[in-house]
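Chain identifiers are assigned alphabetically (A, B, ...) following the order of the sequence lines, protein sequences preceding nucleic acid strands; residue numbering begins at 1 within each chain. Everything numeric in this text was worked out from a predicted model, so none of it was measured.
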Amino acid sequence: MTGTEALLRGLNPQQHAAVTAGTGPVLVLAGPGSGKTGVLTRRVAFLIREMQVRPAHIMAVTFTNKAAGEMRQRIESYLGAPAAITVGTFHAICARLLRIEHASTPYSQDFVIFDTDDQVKAIEQALHELNIDSRKFNPRSLLAAISSHKNEMKLPHQAVARDYLGEVVARVYPRYQAILLDNNALDFDDLLLQMVVLLQQHAPVREKYQQRFGFVLVDEFQDTNTVQYHLVRLFGRPQDNLFAVGDEDQSIYAFRGADYRNVQRFRQDFPAAQVILLEQNYRSTQVVLDTARAVIDRNTNRTPKALFTTQTGGDKITIHEAYDEEYEARFIVEQVEALKRRGGRYQDVAVMYRTNAQSRALEDKFIKEGIPYTLVGGVGFYKRREVRDLMAYLRVVNNPNDKISFARIINVPKRGIGDKSLQEFQALAAERGWTYADLLAQMSAGARLPLAARTTRLFMEFGEKLHAWQQQAQTGHLVALFDAITADTGYHLHVQQISTTPEEAAERSENLRELRGLLLRADAEDKPLGEWLIDQSLMTDVEEVRDTADKVTLLTLHAAKGLEYPVVFITGLEEGLLPHMRALDDGAAEDLQEERRLLYVGITRARQRLYLTYAFRRMLWGSSDVRKVSRFLADIPAHLVDSLPDTLLAERSSASYRQQTTWDTPAPRPARPAPAAPGPERSRLANDLAAFRQQLQQPAPPLRPPAGKVIPFPGQSAGSTQYQPGQRVKHPLFGPGLVQASKLDAGEELVTVRFEDARYGTKTLMASLANMSLLHP
DNA sequence: ACGCGCATTGTTTTT
DNA sequence: CAATGCGCGT
């Protein structure tokens with residue numbers, strides 16, 4: 001058998017057509033689990049083996065760095081040798097090319113990539129310089145506005161103001177950009193936008209890369225934004241050997257400018273493109289697929305796909321209502337343990353959620369029950385203070401003109417340089433038009449400067465160290481540099497000092513060791529500092545190599561894209577969480593559709609077994625609120641579900657609900673699942689449960705409003721409430737408290753009370769059941 | 001310059 | 001409920 005036969009073996013006709021397509025534009029619309037990654041990698045191998053394309057002429061764009069690594073590995077295993085193809089995310093590829101071609105850009109080779117924190121600082125500086133109150137204009141909102149401009153390829157002078165905020169943005173954006181340039185820094189959006197600018201403005205560079213990349217392949221094409229779309233087109237010219245793979249239904253990154261309509265745009269821009277549909281799913285059971293379809297079918301503007309699988313039937317899905325997030329976690333733990341007892345593995349299970357904050361309750365329970373897990377993303381390694389500090393040191397060594405990193409570490413650990421001294425230093429550099437490096441050099445050269453003697457001495461001491469570190473960086477070994485920095489600054493002692501507990505100190509030290517380990521690896525590849533720093537800026541915690549140990553995976557729905565697990569739990573199917581609050585505003589129909597796609601992505605990760613869970617109440621942002629069941633659950637036909645929680649049954653039987661629901665066959669009413677008995681140690685929980693049971697005595701209120709009606713949200717409900725914010729009340733169980741808010745919800749008044757007894761905290765109760773009395777002040 | 005304690009504030013997803 | 005920021009006292 002020839003290599004090519006092996007390459008094409010086992011492909012279905014559509015996959016075969018995609019892999020062996022000729023030159024010119026090709027669009028592959030690939031449903032979940034349809035083998036698109038395999039098609040993409042085989043396509044690359046096919047180009048090289050059969051179409052005699054030189055590997056160096058191929059650019060393959062993936063969505064994550066991790067996916068890039070995996071794709072390279074698979075391609076090399078097909079070819080049996082390392083291949084010189086360019087594989088990476090748009091951001092990583094652009095960063096590399098910008099570094100190589102820096103002479104044609106406004107940046108020097110040692111540019112840095114600003115993360116969100118750096119960006120916020122840059123914005124604050126811009127606001128300060130423009131005399132704009134940063135309290136009035138939230139830096140993050142401004143940043144978001146600037147980011148959308150960049151994603152739409154609008155340069156600073158092209159920002160057009162349509163409203164007052166837009167006007168402020170139009171003033172801040174140019175200033176912000178100037179500050180970035182002053183720091184020799186690019187933000188994430190710049191990596192793409194500056195690449196477009198470079199290609200557009202420098203014909204020799206453009207032609208060089210257009211010749212170089214004769215074949216461009218893009219994965220997850222539905223999540224490209226406008227700049228990325230233009231990059232694809234620019235690189236692809238003039239031959240347009242473009243191979244785009246995507247699925248509109250899995251577009252979940254609109255918040256960063258992704259526009260699934262780029263798929264349609266591709267078809268319009270390349271009317272001659274071959275369009276290939278991959279509709280056979282090799283991943284999931286029919287039940288899982290039907291569930292996914294029921295959810296996604298409600299979206300408009302989509303290319304309908306007839307997904308099918310040969311795995312007919314399968315276990316029905318489970319929808320579980322928990323009392324609160326703790327019981328939700330408990331349910332999952334019970335199911336996972338049962339699975340383990342039946343011979344299953346932890347690594348077969350993934351637990352997904354909409355927001356990172358939801359992982360906490362899950363982790364608590366997992367730790368308590370001794371279930372091993374890995375957390376993808378979250379408050380990551382690179383956000384730890386000690387890691388950020390050391391990274392800032394390395395960035396300053398690489399580029400002393402990264403003023404934001406300089407400011408971060410100039411007095412960490414404390415070396416007597418306070419805000420005042422730093423400001424004088426900054427002002428003097430600005431006044432003389434010197435870089436920080438210039439000013440430090442002037443100091444050690446003994447120049448007479450208008451600074452306090454003490455200030456000069458302290459900066460000089462720092463400057464000498466910095467100089468020594470830079471020498472060290474020249475000679476190569478990054479680990480040696482790291483060791484020199486920690487030793488010269490006494491950073492290890494500093495770590496002990498900033499830690500309040502021995503555990504915290506140990507954890508921070510461990511993080512430093514881990515960072516050192518990363519540098520050790522970089523040394524093995526002889527990576528220069530500047531390159532390594534760029535690599536790290538592009539690396540996120542989601543990219544961590546998944547270890548092979550037997551552990552449950554905890555991750556957001558976003559992070560789950562492209563992955564699959566035999567058993568999947570999707571948690572928090574509640575209004576406000578999934579769909580998220582931010583998608584529930586009036587006129588956010590697009591956002592709502594994206595939430596639906598997010599759930600669709602989650603569901604289609606499951607190979608065999610799917611659980612959807614929600615909680616009756618949940619602790620969120622400091623208060624425990626009664627939750628409403630996610631509207632998405634109503635779209636799942638009852639025959640796909642093993643049993644329905646009482647609340648959903650109650651909903652189903654309510655008249656207004658029945659008219660527009662898709663539950664077709666009434667499921668047998670299960671015995672009420674008794675809420676797990678409270679442990680002896682939790683009197684507070686017992687109280688909650690008592691209130692819960694009391695509420696259950698009442699007929700369930702209709703939880704789902706008639707179709708088309710706006711969901712009432714805090715603050716916007718009409719009608720009068722019995723309680724007003726500011727009133728003092730007394731609850732029979734929880735004692736006295738202060739009313740924080742009260743709202744009408746489906747005819748039921750929900751009153752939020754902060755109880756004086758801290759054990760009870762802030763709770764939201766149904767006014768008609770809470771039996772509270774009004775206290776006079 | 002530094003450290004402590006109170007207050008405020010924001011609440012999604014990530015390259 | 002965090003995390004961050006600010007102002008005060010030393």
Are A:Asn356 and B:dT13 close enough that a side-chain N or O sits under 4.0 Å from OP1 or OP2?
yes

Out of B:dT14, C:dC1, B:dT12, which has the shortest distance to the side chain of A:Met619?
C:dC1

Mind calculating the distance between CE (A:Met581) and C1' (B:dG10) to the nearest angstrom?
11 Å

For A:Arg354, which residues count as a salt bridge (charged side-chain N to carboxylate O under 4.0 Å, His left out) partner, sequence neighbours excluded?
A:Glu595

By nearest atom, which of the nucleotides C:dA2, B:dT15, B:dT12 is closest to the A:Arg360 side chain?
C:dA2

Residues in side-chain hydrogen bond (donor to acceptor under 3.5 Å, both in side chains) with A:Gln222, at least two apart?
A:Glu220

Is the base of B:dT13 stacked against the aromatic ring of A:His580, taking ring centres under 5.5 Å apart and planes under 30° as the test?
no

Quick check: A:Phe255 with A:His558 (ring centres under 6.0 Å apart)?
yes

Any side-chain donor paired with an acceptor under 3.5 Å for A:Gln177 and A:Asp190?
yes

Expressed as a whole number of angstroms, how long is the span from A:Arg140:CZ to B:dT14:C1'?
12 Å

For residues 250-259 of chain A, which residues have at least one heavy atom under 4.0 Å from DNA chain B?
A:Tyr253, A:Phe255, A:Arg256

Close N or O pairs between protein and nucleotides 1-8 of chain B (under 3.5 Å):
unit_1: B:dA1; atom_1: OP1; unit_2: A:Gly418; atom_2: N; d: 3.4
unit_1: B:dA1; atom_1: OP1; unit_2: A:Ser421; atom_2: OG; d: 2.8
unit_1: B:dC2; atom_1: OP1; unit_2: A:Gly416; atom_2: N; d: 3.4
unit_1: B:dC2; atom_1: OP2; unit_2: A:Asn411; atom_2: ND2; d: 2.8

Partners passing side-chain hydrogen bond (donor to acceptor under 3.5 Å, both in side chains) against A:Arg360 (at least two apart in sequence or in another chain)
none

Round to the nearest Å and state the distance from A:Asp625 atom CG to B:dT11 atom C1'.
12 Å

Interatomic distance where CG belongs to A:Leu142 and C1' belongs to B:dG10 [whole Å]:
16 Å

What is the distance, to the nearest angstrom, from the CG atom on A:Leu143 to the C1' atom on B:dG10?
16 Å

What is the distance, rounded to the nearest whole Å, between atom CG of A:Asn151 and atom C1' of B:dT15?
10 Å

Can you tell me how far C1' of C:dG5 sits from CD of A:Glu124, to the nearest Å?
10 Å

Distance test, side-chain N/O of A:Thr116 to OP1/OP2 of B:dT14, below 4.0 Å
no

Measure NZ/A:Lys66 against P/B:dT14 and give the value in whole Å, please.
13 Å

Those residues that, when tested against A:Arg72, pass side-chain hydrogen bond (donor to acceptor under 3.5 Å, both in side chains) (two or more places apart):
none

What residues form a side-chain contact (heavy atoms from CB on, under 4.5 Å) with A:Ala522, not counting sequence neighbours?
A:Leu478, A:Lys527, A:Trp532

Who pairs with A:Asn299 by side-chain hydrogen bond (donor to acceptor under 3.5 Å, both in side chains), at least two apart in sequence or on another chain?
none

If you measure from the C1' atom in C:dG5 to the same atom in B:dT12, how many Å do you get, rounded?
24 Å

Considering residues at least two apart in sequence or located in another chain, which fulfil the ring-ring contact (aromatic ring centres under 6.0 Å, His included) criterion with A:Tyr353?
none

